[in-house]
Amino acid sequence: MNELSFFAADATAGLVEGLNPQQREAVEYRGPALLIVAGAGSGKTRVLTHRIAHLLATKDAWPSQILAITFTNKAAAEMRERVRYLLGEAADGMWLKTFHSACVMILRRESGRLGHDSNFTIYDSGDSRAILKRLIKELGADIHKLTPAGVGAAISNAKNELADAESYARNVDQNDPVARMISEIFSRYQYELRKNNAFDFDDLIGETVHLFRAFPEVLAQYQQKFKHILVDEYQDTNHAQYALIRELAKTASLTVVGDSDQSIYAFRGADIRNITEFEKDFPGAKTILLEQNYRSTQNILSAANAVISNNFDRPAKNLWTAAGDGDKIVGYTGYSSHDEAQFIADEINKLHSKSQGDDAIAFRDIAVFYRTNSQTRALEDIFIRSGIPYRVVGGTKFYERQEIKDAMAYLVAIANTRDDLATRRILNVPKRGIGDASETQIASYAEKNNLSVRQVLSHVSDLGFGPKITGAINQFAELMDNLEAMIPNENVDVILRAVLDRTGLLESLRNSKDPQDEARVENLEELVSVAREFQRNNPEGRLPDFLNEVALVAAADELDDESGTVSLMTLHTAKGLEYEAVFLTGIEEGLLPHRMSFITPGGMAEERRLFYVGITRARKKLHLSLAMTRTTFGESESATPSRYLQEIPSDLIDWRESGSGRGMPTTRYRASIADDQGYGSSEGSSGGYGGTPSTKEKKVWSGAISSVRNNEGLQLEVGDMIEHSDFGKGKVIATAGEGARQTAEIHFGSVGTKRLLVKVAPISKL
DNA sequence: GGGATAAGGCTTTTT
DNA sequence: GCCTTATCCC
């Protein structure tokens, strides 16, 4: 149906054509507050885009008066595209952004009031961790067993609750030395951010709220601007985001869309009460339920409903579909994660094969989900071997690669000269003879004289370095000045090119013997294309704009709909997406639910929602798989099926036989977990399968699957001949210790004599 | 200053 | 099993 033609006939009728009554009401309703409870697959994106288009078509709002918040940049771009299609023209001036990018926009304009320059840097978690690591070391906080990740989480949680370092300190038990240490680190961390002219992810939201509260005239400006505010995935907003919306929506009409059953970001501060208590929060709010699912077959929905109904304390809700039952869900239990992966690869090949005729599913319509990123290893191994084209979405991200971070650090350092973190990162990259000692000296001079590291570079004569180092520093300072001078006039890709060429970054990689460096060169070329692409899309964009965009890319943003590859991603990344065929992997106790959730209040319910999100991503084919043994830490441990599996009515699942002839969790196993709803009480319960594979079978598998370097059991004696993967043949001349701790002194001829830990050394006995 | 090697630590999920 | 750090040596 061509919605455009309806629009031509009547400005608004076409916008509700083909919608069900609830959807239609959600599009047409006008009032101060509207909550759209949108079950999985109930067409909420459609409703949201049609509502925006409807607001514009009825002249209830100008584009510039609309603020719509989505979870990812990709969702925002998609929504803009769809609104444009519906209206037949671009709705320019509309703010269609993520929370973070909307806040960046505001902060860039108003940063002066907060003591920042408008060219501030956005620190990602890696940057934060680097600062925290240094502070922990400086303060000797490691004696309290404080880790950068741990302190970072504490600070992040505080910021999500809108606490700053001072208020955090006030609320801390002063008799608790650990708590006092954390609040000290918090305060110094915040000082570092300010000094470097930087915000971390949480600050983007929190500081915007603080800005609005400290400067009512600024808030008033934005309140006047936005007449309609729409927020997607409202169940995953945290307190800071809630407060932001609350401030802005005081004078505007607010629409929120969400589903409390899909709230999966509690660990990031998401507060499910934001949505469950919306009606209390905004008296007179209208609530509309979307319960008809247009995505999945009945079997898939029934499984999803059955699972989620085990969460108590949730508003009753039942998704239904007019589509038929469809195929049964396929279950599979493998010996090992590699066996599981092999099953998935085989199934994917079947689904994709031409023998399926018109039902053949394209690779891009197939997705594999998992709980933790480390699960990709086995999947990738097997997919490569099976020749299945795949793409890992998220995970070790492009921008987290060392060479990319180095190149980006140059760009950041010239865009924001106050950013010492960036400047210090590249001071000696590539190697130019400014080592650790010199760097520390420069940094402490900066600290003493209240200068940025960059400024110190031009005081080099005061530092008393020898001529060699002085020369290197001067050269570096001049290079940075020249690059910086390019910013106002040159395109981003040109500046990046100059960074790569003039700093010697590319050259040092090209001359390197490390084979990995070849890939790094390619990655840097890829970065240049990214910059070029950015410049094409944003002809007016300057370097700081590019840095913004790059800092805020989300995992799901990388998805390329056109690619002919299977997508691999975490369950968290999968939120909001849908596929013809879905594989849910590692449905085991300890993985889903994850063992960390056993000790987290509400963890079991949140993990169940995660499972629910995964199930509801599937349109036609759903596969649930697990492994009997899983390798963590290189140790192979036996795994038990997830308690969530037995929440699915057994007639919905067709358990395929595994290699052992035992495909499904047995009755005995089921009985053992049947009444287990507590937190973690099943850990250690041995239930297991009708019988775990024999030791022999296990050995065969672990041998077949891995290139594990583990010489356990290998005992060496003086006089033995061995071969080492790097040093070649050698002769044992002495040994010490026993078992796993045995060491051996081995003479390798011309290479010399080495002392090695027998268990882990890459050696074999001849 | 810089490279190589071995010991130690660690994994939940992300903007 | 993989990544970061500590230590040794050139």
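The model shown is predicted, which means the values in this text are computed figures rather than measured ones. Every chain is numbered from 1 and lettered A, B, ... according to where its sequence line falls, protein lines coming before strand lines. Basis for what follows: all heavy atoms, side chains included, without hydrogens, waters or symmetry-related copies.
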Exercise. Select from A:N73 and A:K431 the residue whose nearest nucleotide in DNA chain B is closer to the 5' end of that strand.
Key: A:K431
Quiz item: Rounded to the nearest Å, what distance is computed from the CG atom of residue A:D127 to the C1' atom of nucleotide B:dT15?
Solution: 14 Å
Practice problem: Output yes when at least one side-chain N/O atom of A:N160 is less than 4.0 Å from OP1 or OP2 of B:dT15, else no. | Solution: no
Quiz item: Parallel, tilted or perpendicular for A:Y644 and A:F611, by the 30°/60° rule?
Solution: parallel
Quiz item: Counting any heavy atom closer than 4.0 Å, what does A:D202 reach on the DNA or RNA strands: base, sugar-phosphate only, or nothing?
Solution: nothing
Practice problem: For B:dT11 and C:dA6, measure between their C1' atoms and round to the nearest Å. | Solution: 23 Å
Quiz item: Between A:T632 and C:dG1, does any side-chain N or O lie under 4.0 Å from OP1 or OP2?
Solution: no
Quiz item: Atom CD of A:E400 to atom P of C:dC3: distance rounded to whole Å?
Solution: 13 Å
Exercise. Find the distance A:D236:CG to B:dT13:C1' and express it as a whole number of Å.
Key: 11 Å
Practice problem: Using the aromatic ring of A:F267 (for Trp, its six-membered ring), decide whether it stacks on the base of B:dT13 within the limits of 5.5 Å and 30°. | Solution: yes
Practice problem: Take the protein atom CZ of A:R268 and the nucleotide atom P of B:dT15, then report the distance between them rounded to whole Å. | Solution: 7 Å
Quiz item: Is the closest basic N to carboxylate O distance between A:D164 and A:K159 below 4.0 Å?
Solution: no
Exercise. Please determine if a side-chain N or O atom of A:N428 lies less than 4.0 Å away from the OP1 or OP2 oxygen of B:dG1.
Key: no
Exercise. With the side chain of A:R377 defined as its heavy atoms from C-beta on, choose the nearest nucleotide among B:dT15, B:dG1, B:dT11.
Key: B:dT11
Quiz item: For the pair made of CD1 in A:I264 and P in B:dT15, what is the distance, rounded to whole Å?
Solution: 11 Å
Pairs under 3.5 angstrom only: tabulate donor-acceptor contacts from the side chains of residues 146-157 of chain A to other protein residues two or more places apart or in another chain.
| from | atom 1 | to | atom 2 | distance (Å) |
| --- | --- | --- | --- | --- |
| A:T147 | OG1 | A:G150 | N | 3.0 |
| A:S156 | OG | A:D202 | OD2 | 2.8 |
| A:N157 | ND2 | A:A153 | O | 3.3 |

Quiz prompt | Per A:A437 side chain, nearest of listed nucleotides B:dT13, B:dT11, B:dG1 | solution = B:dG1
Self-check item: d(CE, A:M596; P, B:dC10) in whole Å
Solution: 11 Å
Exercise. To the nearest Å, give me how far apart CD (A:E233) and P (B:dT14) are.
Key: 15 Å
Quiz item: Where each residue is assigned the nucleotide of DNA chain B containing its nearest heavy atom, which of A:L610 and A:R432 is assigned the position nearer the 5′ end?
Solution: A:R432
Quiz prompt | N/O (side chain, A:S374) to phosphate O (OP1/OP2, C:dG1) under 4.0 Å | solution = no
Quiz prompt | Candidate nucleotides B:dT14, B:dT11, B:dT15, ranked by approach to the side chain of A:H100 - the nearest | solution = B:dT15
Quiz item: Among all residues two or more places apart in sequence or in another chain, which pass the side chain to side chain contact (heavy atoms under 4.5 Å, CB included) test with A:Q262?
Solution: A:A40, A:Q235, A:D259, A:Y612, A:V613, A:R617
Exercise. Scan A:F99 against the nucleic acid and name what it touches under 4.0 Å (heavy atoms): base, sugar-phosphate only, or nothing.
Key: nothing
Quiz item: ring pair (Phe, Tyr, Trp, His ring centres under 6.0 Å) with A:F120: which residues, sequence neighbours excluded?
Solution: A:F199
Quiz item: Taking atom types as modelled, is there a side-chain donor on A:Y189 or A:S128 under 3.5 Å from an acceptor on the other?
Solution: yes
Quiz prompt | Between C:dT4 (P) and A:R134 (CZ): distance, integer Å | solution = 19 Å
Dump every N/O contact between nucleotides 5-9 of chain C and the protein below 3.5 Å, one line per pair.
| from | atom 1 | to | atom 2 | distance (Å) |
| --- | --- | --- | --- | --- |
| C:dT5 | OP1 | A:K133 | NZ | 2.1 |

Practice problem: Would you please name every residue forming a side chain to side chain contact (heavy atoms under 4.5 Å, CB included) with A:I106, sequence neighbours left out? | Solution: A:W95, A:E110, A:T208, A:L211, A:F212, A:Y222
Practice problem: Would you indicate, yes or no, if B:dT15 has its OP1 or OP2 atom less than 4.0 angstrom from a side-chain nitrogen or oxygen of A:S125? | Solution: no
Quiz prompt | Set of salt bridge (Lys or Arg N to Asp or Glu O under 4.0 Å) partners for A:D124, sequence neighbours left out | solution = A:K405
